[in-house]
Structures are given as structure tokens and as C-alpha cells.
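Let me begin by presenting the structure, written as C-alpha cells, before commenting on it.
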Protein chains: 2
Amino acid sequence: MTAVSTLPETVGIPSAGISSAEPHVHPASRLRSILDSVAAEDGSLPPLNDELVRAMRLPDDLPETLGISEVAEITGITAHTLRYYERIGLVETDRDAAGRRVYDRDALGRIAFVTWLRLSGMPIAGVSRYLELVKAGPDTQDERLALLLEQRAAIVAQLRDLQGALAVVDYKITTYGGTCGA
Amino acid sequence: MTAVSTLPETVGIPSAGISSAEPHVHPASRLRSILDSVAAEDGSLPPLNDELVRAMRLPDDLPETLGISEVAEITGITAHTLRYYERIGLVETDRDAAGRRVYDRDALGRIAFVTWLRLSGMPIAGVSRYLELVKAGPDTQDERLALLLEQRAAIVAQLRDLQGALAVVDYKITTYGGTCGA
DNA sequence: GGTTGGCTTCGAGTGCGCTCGAAGGCCTAG
DNA sequence: CTAGGCCTTCGAGCGCACTCGAAGCCAACC
């Protein structure tokens, strides 16, 4: 019955190739490869259980805190974008004595969560709204849950659309293969 | 060995809710419901076969030709956007004596194909490129195939990302459900 | 002590994909 | 004959999510 508020938001780092324009290549990321290895277990990332959540945490041999450029390299999100996210209130960071951003594991986890939401197609405004509800305390849980369910529906719709598109593209590919040999 | 060029590009009309910001609702579309019924057969739109392609063609009781506003209603794409697509060379249309756009089934099919590609995340420039290659003739097939394969990889990557996001969101949802009963 | 390099803020710019509005043409109903 | 409505073109505007650059601070190394 305690405030569930923040929960283990250290969930994992997605591919960060948010714009689907590029062929999803980006500076090789350590966390990404961790995620890959988890996904490879059965190929399709089943509903996240605690074990997977734990598996996706940062490895122990990473430094306790990271600078912005390290986070950028790890996550594939540019430093510019990380600062932008902070400016608009999407993430918060501690600062060192010199005023520089300092990221610990929890911060990295929050960035990961935000990135997953963004990757799922949730607009920044939606992510902001969710995070504000979390900050506002436990009596916003209903609304948070509603938001999550809505986003879940959006994800499912996108999956359906993508599967349709995949079918169309595959149809074209196999047709080309059948007629001109590829 | 004839020019494969255009092929049966009458493949179906997707949801047209391209921007994933909205919860994928749009004016109820007749073609969409056809697609839905096809998809419902086994839930996941398997690789398109000829039967499905035929099933997704326009029903026989639609008028032989359509005006732009009818196409807009059917596809869920606004007339403005249809004109925009034409302006940038993405689709071509016939005109009637008064200069108005006239769409037949093939035109609708081409719009559908374009929409599927757009839905798959291919930028407009990529769709343009593909269509130009098709127009350029059969000796561009290698490049077309390469484009399709590249897009296929992008789709698969997106599917992976979406599944990851779905897992994260589901994890959150079930966690909320477990602690505050939803 | 200087210089290098990475960090800071802030505001402005970019690219994409629409989205809209103005100004006018054509057809049909009253 | 006129009004309404749908169509046309064209150019401009918008919203989103970055993306960049300028100007300056601070720490560390030579």
C-alpha cells in the first residue's frame, strides 16, 4: 500500500534509433547488446518478468556514475538530445561541483524507460504527462494506468500495421524472386 | 519475362493512421474493415498470398471510379494529403473533362501500396525512389529488390523495438495491477 | 600560465509530413 | 440567373522532435 510511484524504472535501453528512417544502425551500444542477448533467449522478448528486468540492469563493471558523453555513447542518444530532454523536463540529473551532469544507474534506467515509451510511438507530451503523474503521487495511479493501457493499445495497433506492411513487402520480395531470380 | 514492373500493386488499404500519436482512430473505412476481416482469419496477417491479395481488392459494388472525397473517406487519407502526394509525384491520377481527379481500382491499389510503405516507416523520399525505379523499367529490379530488403529489415527492427516497448508497458501495467488492483 | 577539450546555457534553425487557406472554376438545383 | 458545393492550384504555415552553433566556464595537462 506504499506509494508505488517510481517502481523499478530501470528497465533497459532500447535501440534509440527512434526515427525509423535510418536502417536502425547507431553507434554500437553496450546496453543494447545486453538487451539483444536477453531478447535472443527466445527471440521475441516475452512479457518482462523480474528476472529479465534484473538481467537488463547495468553490468557491475560500469563506473558508478557517468558523464553525459558516456551516457550518449551507451544509449545512442546524442548529448544534445539528452540536454534537450532535460530542458523540457523529461529527465532530471544531478550535477557535480562544476555544474556538470552526472548520471547514476537510476538515471540511466529512467532514460531507458523514457526511450522505450518514445520508441513505442508515445509523443513527448505523453511521456511528460506520465512522468508528471508519477511525481504527483500515488493518487494518480488510475490515470497512469489508463495512460499505459491506451499506449498499449497504440502499440498493438502499430504491431498490426507493421505486420501488414511486412506481409506486403514480403509479397513483393517473393514475387520479384519468383520472376527475376534474386 | 515480360516487364514485371507494376505487378499487382492492388494490395490493400492500411489503417492510414500514419502518425502514431493518435490512438489509431480515424473515420471508419470500408477497406480497413475488409483488411480487418482478412487479418482476423488467423489474427496475424501471414505472408500475403494470392488469395489474400484477391480478398483485399475492392468489393464489386463500389462505383467503377471515385472522386477525391470518396477516396479520402475510404482510405482515411484527407483530400489535402492525396493532392499533396500527387504534387510530389507519389501518385498519379486521371482527370475528367472538368479537370477533376478520377480514381479507379488500380489507382486505389497504388495508393494502398504507398500507404503500406509509409506505414512501414519508409520516408516519402524512399517511396518516391521505389516508384521511380518501377517507372524506369525492368532493369532496375535489382535495386528495387535491394530497397525492399532494406525496408524489410527496418520493419523487423521496428517490430523488435515495439515488442520490447510492449513488454515494458505490460510490465508496468501488471505491476500496477498487482499493487493497486486494476 | 596557457591551451585544449569537454562541458554549460540558450536561442535559433532544420527536416519531415502534412495541413490549411485563398482565389477561382465548373456543375447542378431552385 | 444565382447560390451552393465540390473541385482546382499554389503557396504558406504548422507541429514535432530534434539539431546545431555561439559564447563562455572549468579542469587537467604540458
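All chains are named by letter (A, B, ...) in the order of the sequence lines, taking the proteins before the strands, and each is independently numbered beginning at 1. Here the structure is a predicted model, which means the values were calculated and not measured.
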Measure from NZ or CZ of B/K172 to the centre of the six-membered ring of A/F113 and say whether it is under 6.0 Å with the direction within 45° of the ring axis. yes

Give the rounded distance in Å between these two atoms: CD1 of B/I88 and P of D/dG11. 16 Å

Please examine the side chains of B/L82 and B/V91, heavy atoms only from C-beta on, and report whether any two atoms are closer than 4.5 Å. no

Is B/E86 salt-bridged to B/R95, going by a charged N under 4.0 Å from an acidic O? yes

Atom CG of A/L82 and atom P of D/dA17 are separated, to the nearest Å, by 16 Å

Contact pattern, 5' to 3', of nucleotides 5-10 of chain D - B, S or - by protein heavy atom under 4.0 Å: --SBBB

Rounded distance (Å) that lies between atom C1' of C/dG17 and atom CG of B/L90: 11 Å

Figure out the CD1/C1' separation between A/I124 and D/dA17, and round it to whole Å. 5 Å

Non-hydrogen side-chain atoms of B/I124 and B/Y84 separated by less than 4.5 Å: yes

Just wondering, do A/W116 and B/V169 contact through their side chains at under 4.5 Å, heavy atoms? no

Phosphate OP1/OP2 of C/dC18 contacted by B/Y85 side-chain N/O (<4.0 Å): yes

Test applied, side chain to side chain contact (heavy atoms under 4.5 Å, CB included); reference residue, A/I77; option that passes from A/V71, A/I68, A/I111: A/I111

